[in-house]
Amino acid sequence: MEYNFRDIEKKWQTTWATEQTYHVEPNPGKPKFYVLNMFPYPSGAGLHVGHPLGYIASDIYARYKRSQGFNVLNPMGYDAYGLPAEQYAIQTGQHPAVTTEQNIARYREQLDKIGFCFDWQREVRTCDPKYYHWTQWAFARMFNSFYCNRCQQAKPIEHLVKRLSERGTEGLDVAQTEELHFTAEEWNAMTEAEQLQVLMNYRIAYLGETMVNWCPQLGTVLANDEVVDGVSERGGFPVVQKKMKQWCLRVSAYAQRLLDGLDTIDWTDSLKETQRNWIGRSEGTEMQFSVKDSDVKFTIFTTRADTIFGVTFMVLAPESELVAQLTTEAQKAEVEAYLEATKKRTERERIADRRVTGVFSGSYAINPFTGQEIPVWISDYVLAGYGTGAIMAVPAHDSRDYAFARHFNLPVIPLIEGADVSEESFDAKEGTVMNSPREGVTALDGFCLNGLSVKEAIAATKKFVTEHNLGRVKVNFRLRDAIFSRQRYWGEPFPVYYKEGQPHLIPEECLPLELPEVSKFLPTETGEPPLGNAARWAWDEQARCVVDNAAIDHTRVFPLELSTMPGFAGSSAYYLRYMDPQNDQALVSTEADAYWQQVDLYIGGSEHATGHLIYSRFWNKFLFDLGVSCKEEPFAKLVNQGMIQGRSNFVYRIKNTNTFVSLGLKDQYDVTPLHVDVNIVQNDLLDLEAFKAWRPEYASAEFILEDGKYVCGWAVEKMSKSMFNVVNPDMIVEKYGADTLRLYEMFLGPINQSKPWDSNGIDGCFRFLRKAWGLFYPKNAGWAVTDEAPTRENLKTLHKLIKKVTEDIEEFSYNTAVPAFMIAVGELAQQKCSSRAVLEPLVVLLAPFAPHICEELWHSLGHEGTVCDARWPEFDEQYLKEDSVTLSVSFNGKTRFTLDFAADASKQDIEAAALQSPQAQKYLEGKQVVKVIVVPGRIVNIVVK
RNA sequence: GCUCGAAUGGUGGAAUGGUAGACACGAAGGACUUAAAAUCCUUUGGCCAGAAAUGGCCGUGCGAGUUCGAGUCUCGCUUCGAGCACCA
């Protein structure tokens, strides 16, 4: 019987769907295993062969775990909010919900064809009100929480309110936007609106006036990770800095926990490193400087407190509030001109053009250690958002300060013995300190660092600064709070309305607050976000429902928030929702969460390292603090699948003709390489007829062939329509079947490695499946499996395979597991094995990789149910033992010949036999044996002189 | 600039410090066939010697080192990829 993959795959996909084979429920009697893929954004282009790579890898693992007796949760859903659908809506007027729905249907159809064991009953969509109910709910909880630094935990805002009313900010150690100081009396004297305003300083979800990345073309703000090289990640439009009132999430409060948590999870080092970079912990010192002839004092942050004696100027960020305070009358005009000029430069220009710019403020700071006067400058190389927005500049030991000092002719004082600072600064934190203080300079309390190493000097300075109350030791993080508003339509609405200028939450029981219909998806004439076009977008506080805008009276009916949430909102806790997707009382029930706990295996791309993977860790930690999630980290193990790149093909057209020349001959002509659709090229040979039919202008094409063939050139590029190198999984499935596609995607290379899609090798996987099928249904014969006892050889092949496949799956080394199957099937075919005792375990082993064919064979073997529930075979060491072993014999490390020994031969026996073997005599002639190394089972190395 | 990772035939890629190139593709030759497709068999890192069996030498980006023995470990480079980047 032929291997008819079309019938087989259709049959089992239908059966799995109708019988809900992969639906799971918590089962306390069984250990759980939670496998998760990063859910896709359903784009209009559909899936290409790169998308399923991770899904197949996790599907194999899920099926394997199920076979091992685990209750496996393997859900799938859609990250359905996003810019492309909205941009498309703006262009076509099509409602994003409609296009999203269509795209999802297409994705589902494509996914179904590949035979995944997803539990579709648990599907979630971020744009579904039943889903975003809980996104809004989490936001509301963040709004109503603050972060206590002392207990390192989020707490209800009422606790803070109570404390403020009792003791004010005295001794308060909480995460905050800026350090406020007031007494209990002052707090109690505030109006409600004033109190609410103050609380914004502490809330985990807060409305903050911050510099944001504003993208005029997209009409929205973007998060830092959505801006790449100064342009928007989506669309590549310019991004400018703009001060706006925005919802923010106080992610920075969790910086230390986000950093520490990395040590507890099984992620790749490179990904952890990326997150460590992004969090950017830096331990340093804050020091206070007073200003000459002024009451103003300001604080700077430095990691090199030891260089205090080398400070020759101070620098303020242009946006710093100190600029106004420190600019003298004489410098005012110049400073203002400079501020104006910097404002105009976009971030991109600043990155592209790093010329040194700056202006003198006119003021002088006083070095607290020496009393020396130091000029205060303003320059955009100092960032307002990091540290205190002010620095002490030590040109001798900081390259940026050095560049600035050289440009404006400021003095450079070297502080490290032997450091040559005539050409460049000496930035390394090493060497022996000198000039600290210089001769003739007296330092406060006789403080002296000379002769110490840099490390010692840093420690000594920190101690001194703390003791003399000149500042404090401080840890700074680069991680910024996440900007959480987007001026877009297609996103989760905020459950917020504005009363007396202050945001108020709509009550939790009124959630979800559904996204309203709008007349158009563009910003309003007055520049408000698209939700400003909604006619019915106001909150009636008494009726507790959404009403027409016309009803707004600011006493009972109030306007609702017009921004929506960003893309990462919906994807931050979806793994929790999968545990309990239908629950309308809670994001996830305590029971469901207690059973499924956390994701055991998460598979997805590393491009989310500083976006989704940070946000969802933050989000989950917050929910952990609330007691909603029982685990602090959401994803115990993470495997990054590599990107599948495109493999483009080229034809070479002779210039000004319609003649195409084959690759090998192209150098003889003046040619233009042109992309050609990879789907009409096979093994780099062009299908000439298909090419002529591909485009009208090629209908009359002529060819110069080599050996009667047209050979195309190729290159690895991004998979994209414009390169004509997109390979669609449905086409592969149509031609070879899903099982072949699955095997081939795994066979292509290590899962975590980026690699080009090359359809050339796919035949090998198809042939393998046909061969495997042939063991059960040989050609020109019926069913071949018998109850015959397996031979020792059969069992050896089988157990070798069990061992290899089990190990490979555990290590995600699928690309080596597939060849193991090929070898085993080859061996069994040669052995003419028909024994059920061997073939049945083979089916179970192969099932995770090629579920359809294995399901069919499993049923042919007379079983019910699904092959995934069959017990995973265990290997038995005894079958792997050999009667004899072949050892290679080498002389001075160079292998010369092999010898067979009994499996239990002793080292001495092996050594003696090797030395006495006739083959060895040739190499021993005239030589002296120095020593013999015997590694049992491996090698005999004879060292001769 | 800093951090992390990679480099092996024509191609994708295998190799607990122990016979480098598994397996697959491609290529060449052969069988079957009227023919083609499909299938099966053989060869396939390079160079040299030989009629052949076979034998020899060289080979894992480059240069050192450790070791009886290095693709694998250490150090120094080169190239490519990824992340961060005026973060004080």
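Since the structure is predicted, the reported quantities are computational estimates derived from the model, not experimental observations. So that the names make sense, note that chain A is the first sequence line, chain B the second, and so on, each numbered from 1.
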So, OP1 or OP2 of [N]: does either fall under 4.0 Å of a side-chain N or O from [X]?
X      : N     : result
A:N277 : B:C2  : no
A:Q753 : B:G13 : yes
A:K931 : B:U67 : no
A:R276 : B:C2  : no
A:R478 : B:C84 : no

Neighbour count above 12 (heavy atom, 6.0 Å) for [X] [atom1]:
X      : atom1 : result
A:E810 : CD    : yes
A:E811 : CD    : yes
A:Q921 : CD    : yes

Using a 4.0 Å heavy-atom cut-off across all strands, classify [X] as base, sugar-phosphate, or nothing.
X      : value
A:R770 : sugar-phosphate
A:Y923 : sugar-phosphate
A:S888 : base
A:K771 : sugar-phosphate
A:D401 : nothing
A:I823 : sugar-phosphate

Whole angstroms only, please: what is the [atom1]-[atom2] distance between [X] and [N]?
X      : N     : atom1 : atom2 : result
A:I279 : B:C2  : CD1   : P     : 22 Å
A:R767 : B:C41 : CZ    : P     : 11 Å
A:L748 : B:G12 : CG    : P     : 11 Å
A:M746 : B:G13 : CE    : P     : 14 Å
A:Y814 : B:C23 : OH    : C1'   : 19 Å
A:M314 : B:A88 : CE    : P     : 16 Å
A:F298 : B:A88 : CZ    : P     : 18 Å
A:N640 : B:G83 : CG    : C1'   : 12 Å

- If you draw the axis of the six-membered ring of A:W267, does the NZ or CZ of A:R617 fall within 45° of it and under 6.0 Å from the ring centre?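 Pair A:R617/A:W267 counts as cation-pi.
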Integer angstrom distance from the [atom1] of [N] to that of [M]:
N     : M     : atom1 : answer
B:G18 : B:G71 : C1'   : 13 Å
B:G45 : B:A24 : P     : 14 Å
B:G1  : B:C77 : P     : 13 Å
B:A38 : B:A31 : C1'   : 14 Å
B:A70 : B:A64 : C1'   : 13 Å

- Message: Is it the case that the ring center of A:F5 lies less than 6.0 angstrom away from the ring center of A:Y736?
- Response: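 Ring centroids of A:Y736 and A:F5 are no less than 6.0 Å from each other.
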- Task: Go through the structure and list residues passing ring pair (Phe, Tyr, Trp, His ring centres under 6.0 Å) with A:F875, not counting sequence neighbours.
- Result: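 Result, ring pair (Phe, Tyr, Trp, His ring centres under 6.0 Å) vs A:F875: none returned.
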- Stems involving RNA chain B: give each as a range paired with a range, ordered by first number, where a stem means at least three consecutive Watson-Crick or G-U wobble pairs under 3.5 Å.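 Stems for RNA chain B, defined as runs of 3 or more consecutive pairs: B:1-7 with B:78-84, B:10-12 with B:23-25, B:26-31 with B:39-44, B:45-49 with B:54-58, B:61-65 with B:73-77.
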- Residue met sooner reading RNA chain B from 5', once A:T303 and A:P750 are mapped to nucleotides: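 Its nearest nucleotide being more 5', the pick is A:P750.
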- Task: On RNA chain B, check which nucleotide each of A:K779 and A:I942 is closest to and give me the residue with the more 5' one.
- Result: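 The residue mapped nearer the 5' terminus is A:K779.
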- Query: For the side chain of A:S606 and the backbone of A:A609, is there at least one donor-acceptor N/O pair under 3.5 Å apart?
  - Reply: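 A pair under 3.5 Å: no.
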- Message: One thing to verify: whether A:K881 and A:E877 come together as a salt bridge, which I'm taking to mean a side-chain N less than 4.0 angstrom from a carboxylate O.
- Response: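 No, no charged N to carboxylate O under 4.0 Å.
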